[in-house]
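Residue numbers begin at 1 in each chain, while the letters A, B, ... track the order of the sequences.
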Amino acid sequence: MDQVRLLTNSYSQAPWRKQLQAILGFLLVLVMAALVVSVYLFVSSRAVVTGVEIQIMRNDMVEMRMKIEDYETALAYLTSEQVMKERADSMGFEPVDTGSILYLQVPGYVERKPAVLAPPPSPGTSRAPTLSAEYSESLVEWLRENILTPSGFLIEVGP
Amino acid sequence: MNPGYLNVSRWRYRLIEMIFFGVALIIVGQAFRLHIDPVLQKMRVDSEIYEVEQQTVYPPRGLIFDRWGNVLASNKKIYEVGADLRYVSDQETIAQTLAAYAGSNYSDVIAALNPEINDSGVEPVYSVLDNFLTEEEMTAITAKVDEYANMKRRKGQITPNLNGLYFVPRLMRVYPEQDLASNIIGFVNYNGESFFGIEENYQDLLAGNPLQISVPLDPNRVAEIPEIPEGASLVLTIDREIQAAMEDVLDDALQETGADDGTILVTNPETGEILAMAVTPRMDLNNFTEFQNIFTENKPYNKGASQAYEPGSVFKVLTMAAALDSGAVNPGTTFMDTGIFEIGGIYIRNWNSGAWGYQDMQGCMQHSLNVCLAWIASQVGPERYYDYMNAFGFGQMTGLDLAGEASGRLKMPGDSDWYDADLGTNAFGQGVAATPVQMAMAISSVANDGKMMAPHIMKSVIQNGRQYNTQPQVVGTPISAETARTLTDMLAASLVNESSDALVEGYSVAGKTGTAEIPTPMGYTSSETNASFVGWGPVDDPKFLVYVWLERPETSPWGSVVASPVFSEAVQRLVVLLNLPPDNVRQELRGQQ
């Protein structure tokens, strides 16, 4: 019986080793958990910061659009018919009458065309979403899409 | 080691384990209970409304341009100033500051800061104090807010402050050209409601579609805000310089003739584009609250499109067109004018009650003989005559893209109030009501080789960054090209033979005067007339058609005296702005090509 105990003691690990293994195992789990939490926190904080930046940019965009409208209006006032007429008068210009105009044929003269303020319609113009998926998908969704799906590794290369 | 000690330790460990396990069990159990508790579920659902903010996004209203891209209507940033009543502690300073820097009414501001509790018993937390602050006013008040906020104060001391003030920017419609083309553009009020003209007619296009969106307040839940297309912008066929010139000419004409109101309509007969529509009265669109004072007694906002009147002798152009086209007469047909013509039991007389003897068709038009034209209409016959008038579009709206177009009235055989005599009176423009736009459209067929073009004011629409142009549309071909040219030549010669005041040196024009007595409940009044003139040119290749209408001129009742010179003046200004050389130069240049 003593021999059996001796044999068992010989091949079993020392208690301090067992404790060390348990502690290391626990620490490993702890470090892994901390790692996951820190990655999650990092990604979340970045998402929050980006979200706030987007909100700020959105407000800036609205503000800028209003400013553009304001500038266009200011310009329209500065170039209104009445203002332009007064400026022309102050610079000494006078309205021309039919008898005082000399008409000449100018080769290559291109007649004034009505306003073209935007390009003409073209077929197949589509509106793509402007917000990248990275800003709205969760970490789990990202992992599923990019890591767990085999095609997620593959990136299409243009010709 | 003492075995008894080990047993005690084990027992303690077991107890701690059980406590931890029990606590964990309680936590899990509580979590489960919270998950299924209906009260808490309702609370969770209710709380979701605080996670997002519902916003209605109004796209900026589209701009309105003239044909060359000059802005006729645009938007300006203004501020609504409001107060979060929970943070307001100094009402007097707020009211004084707004009165001093924004011109707000002190009492109104104080009243707005003390709103009544509504029926549901909810105390308001936000109140609008003023609506239309400019950028400068807002900046001045903001500086004042900072100044008060930075004031040093002792503990417990109450100093003046503007706490609780909020500024909300938004866009307001403005009209840089003020009253120019005001009758065409219409206006938008402070609530964004559009009235009259282009603004009302194209409200849906210009305003775009407001969108209700949910904006997550949690930055973790940032969601894509859908792209909200701006209101479409419109490019009009109107030429700002021509419009201004025509308004000048009209204002001068009203002053010289003492007419109540007037209209000058300029169109391109080849396309139906309206280049200018000068109408009185006008108003500065930025002060649209003056509308009630300016347009009294149900006066139409745009008489050019919304006021039908008896046009008088300008209508003879169409009677003659119908007669020539139907073959009832030809330019050489002669008519013995005895000064009186009986039709449907009434007697038609000339404008001077005179007899003009033998006249050919040009003579009838040149001397504007009612008797001759009534006879001509009788030769065409009522059926064919009214078929032609229908084809010219009378009694129907032209489809002009302005709000409030009138259809006028053309009595037809078969109508309860149509009599045989109407054929005779209609022939010289009496007993028929038409708007200047209808007249211009019908007569454009004479100026455009028989093709009648749809009058329109929108040239292109700019939507989602693309410009879509409208195409000229042929409404119909009521007369042949040959008839149109024959009649144009007759009317051009008439003006020359008459040495009309409508003539323009260097330019060949065709046209016709009109003087119509104004119908009243007591019959026609010869003292008050509508004086008109319609003309187009250059005769060999018409580029413009000008319709002049003066209401109740005082200096003379006759269109030939008051309206013809207005046409001439308008055309003199017009040809310069259209870069249209005199006939001889044009023909010479054409010969060189």
Side-chain angles (χ1 to χ4, degrees), chain A residues 44-45 47-55 58 61-63 65-85 95-105 111-122 125 127-133 135-136 138, chain B residues 60 63 65-72 74-77 135 169-171 174 176-178 180 215-216 218-225 227 230 233 235 237 240-241 243-245 459-460 462-469 504-507 572-573 575-576 579 581-582 585-586 588-589 592-593:
Chain A
S44 304
S45 63
V48 169
V49 169
T50 311
V52 170
E53 281 174 357
I54 288 171
Q55 284 176 348
R58 219 171 252 161
M61 207 164 72
V62 172
E63 181 74 13
R65 272 189 185 157
M66 286 191 177
K67 232 173 208 169
I68 290 168
E69 297 268 342
D70 239 13
Y71 286 139
E72 277 179 342
T73 300
L75 188 65
Y77 271 100
L78 289 173
T79 56
S80 68
E81 197 272 338
Q82 187 64 33
V83 172
M84 296 299 277
K85 198 172 165 187
V96 69
D97 58 47
T98 50
S100 56
I101 302 176
L102 179 66
Y103 288 92
L104 296 171
Q105 188 159 33
E111 203 181 358
R112 191 184 179 194
K113 298 280 182 220
V116 178
L117 303 173
S122 63
T125 46
R127 301 176 78 78
T130 50
L131 189 65
S132 171
Y135 293 112
S136 54
S138 69
Chain B
L63 307 188
F65 301 92
D66 84 337
R67 67 188 295 118
W68 306 118
N70 298 305
V71 178
L72 300 176
S74 59
N75 304 307
K76 187 183 174 189
K77 188 164 83 170
E135 183 92 39
R170 61 192 179 89
L171 293 171
V174 288
E177 299 289 350
Q178 298 171 44
L180 185 85
V215 181
D218 178 359
N220 266 316
R221 292 181 53 202
V222 63
E224 185 178 2
I225 289 187
E227 190 77 15
E230 294 182 5
S233 292
V235 179
T237 58
R240 183 182 76 168
E241 314 304 329
Q243 178 71 27
K459 190 162 181 65
S460 358
I462 300 159
Q463 199 165 27
N464 298 328
R466 301 277 162 183
Q467 183 163 344
Y468 303 83
N469 294 327
V504 180
E505 198 180 337
Y507 295 85
Q572 284 177 50
R573 305 276 293 269
V575 290
V576 173
N579 287 329
V585 176
R586 198 160 41 82
E588 195 179 314
L589 292 175
Q592 288 173 16
Q593 283 173 348

Would you mind checking which part of [X] comes under 4.5 Å of any heavy atom in chain B, side chain (CB onward), backbone (N, CA, C, O), both or neither?
X	result
A:L117	both
A:K113	backbone
A:R65	side chain
A:V116	both

Should [X] and [Y] count as side-chain neighbours, where that means a heavy-atom distance under 4.5 Å?
X	Y	value
A:P119	B:Q467	no
B:K77	A:T73	no
A:E72	B:S74	no
B:R586	A:Y103	no

Contact origin within [X] toward chain A - heavy atom pairs under 4.5 Å:
X	value
B:Q463	neither
B:L72	neither
B:N75	both

Leading residue by heavy atom contact count with chain B [cutoff under 4.5 Å; candidates A:K85, A:E63, A:E53]: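 Answer, by heavy-atom pair count under 4.5 Å with chain B: A:E63.
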Distance, nearest 0.5 Å, that separates [atom1] of [X] from [atom2] of [Y]:
X	Y	atom1	atom2	answer
B:L171	A:D70	CG	CG	8.0 Å
B:E177	A:Q82	CD	CD	9.0 Å
A:E111	B:N579	CD	CG	7.5 Å
A:K67	B:E135	NZ	CD	7.0 Å
B:R573	A:D97	CZ	CG	11.0 Å

Using every non-hydrogen atom in the two residues, find where [X] and [Y] come nearest and quote the distance to one decimal.
X	Y	result
B:R466	A:P120	NH1-O, 2.9 Å
A:M66	B:P169	CE-O, 3.4 Å
B:P176	A:S80	O-CB, 3.7 Å

I'd like to verify something: which residue of [options] has the highest number of heavy-atom pairs under 4.5 Å with chain A?
options	result
B:S233, B:S460, B:G465	B:G465
B:V575, B:N469, B:L180, B:V174	B:V174
B:V71, B:V504, B:V576, B:L63	B:V576

